[in-house]
A.B. asks: 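Below are the structure tokens for one structure; questions will follow.
Here the structure is a predicted model, which means the values were calculated and not measured.
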Amino acid sequence: PAEAAGTIAFFGGHDASVAVAAADGTLLCVLELERLFNDRYYSSFGPDGATPRESFDEDWRRALLVIRDRSECAYPRTFARGIVVETGASRYRLEK
């Protein structure tokens, strides 16, 4: 049978992270980029909170490779949904 596709979510602001969930919504793993880059409160953006770091593309590529190659959890190899959480999004209420 075909593998069920999951969800991958990205947050690039203060304390940036990437999370992977199974097809049923069960959270499988989270990678905090500050741990990967040893940079407390890592953000993908500069001091203004809007301009991407010069290393933006390379940093996210590296994070995705870590999730794919070094994760200790069994996660989907394909994703039905991708979510980008915008900085400041906590002010919005998300419905199920």
A.B. asks: Could you pull out the closest heavy-atom pair between Ser43 and Arg53, with the gap in Å?
C.D. replies: O-NE, 2.6 Å

A.B. asks: Per the salt bridge (charged side-chain N to carboxylate O under 4.0 Å, His left out) rule, what does the pair list look like for residues 5-33, sequence neighbours excluded?
C.D. replies: Glu32-Arg35

A.B. asks: What residues form a side-chain hydrogen bond (donor to acceptor under 3.5 Å, both in side chains) with Glu54, not counting sequence neighbours?
C.D. replies: none

A.B. asks: Could you go through residues 63-70 and list every donor-acceptor pair under 3.5 Å that involves a side-chain atom there, pairing it with any protein atom two or more places apart or in another chain?
C.D. replies:
none

A.B. asks: Drop me the distance from Phe11's CZ to Leu33's CG, to the nearest 0.5 angstrom.
C.D. replies: 11.0 Å

A.B. asks: Could you walk me through whether Ile83 and Ile8 pass side-chain contact (heavy atoms from CB on, under 4.5 Å), step by step?
C.D. replies: CA-CA 6 Å; Ile83 301 168; Ile8 189 165; over 6 Å; no

A.B. asks: State which residues pass side-chain hydrogen bond (donor to acceptor under 3.5 Å, both in side chains) with Ser44; sequence neighbours excluded, sorted by chain then number.
C.D. replies: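 Only Trp60 meet the side-chain hydrogen bond (donor to acceptor under 3.5 Å, both in side chains) criterion with Ser44.
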
A.B. asks: If you look at every heavy atom in Phe79 and Val20, which pair is closest and at what distance?
C.D. replies: CE2-CG1, 3.7 Å

A.B. asks: Testing the basics here: between Ala21 and Leu28, what is the closest heavy-atom pair and its distance to 0.1 Å?
C.D. replies: C-CD1, 4.0 Å

A.B. asks: Using the test ring-ring contact (aromatic ring centres under 6.0 Å, His included), find all partners of Phe37 that sit at least two apart in sequence or belong to another chain.
C.D. replies: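 Only Tyr42 meet the ring-ring contact (aromatic ring centres under 6.0 Å, His included) criterion with Phe37.
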
A.B. asks: Taking transitive links into account, so neighbours of neighbours count too, which hydrophobic residues share a cluster with Leu27 at under 4.5 Å side-chain distance?
C.D. replies: Val30

A.B. asks: Taking only residues two or more places apart in sequence, or in another chain, which ones meet Thr7 in a side-chain hydrogen bond (donor to acceptor under 3.5 Å, both in side chains)?
C.D. replies: Arg81

A.B. asks: Specify the closest pair of heavy atoms between Ala23 and Ala5, including all atoms of both residues, with the distance to one decimal.
C.D. replies: CB-O, 3.1 Å

A.B. asks: Using the test side-chain hydrogen bond (donor to acceptor under 3.5 Å, both in side chains), find all partners of Arg62 that sit at least two apart in sequence or belong to another chain.
C.D. replies: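 In terms of side-chain hydrogen bond (donor to acceptor under 3.5 Å, both in side chains), with neighbours along the sequence ignored, Arg62 is linked to no residue.
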
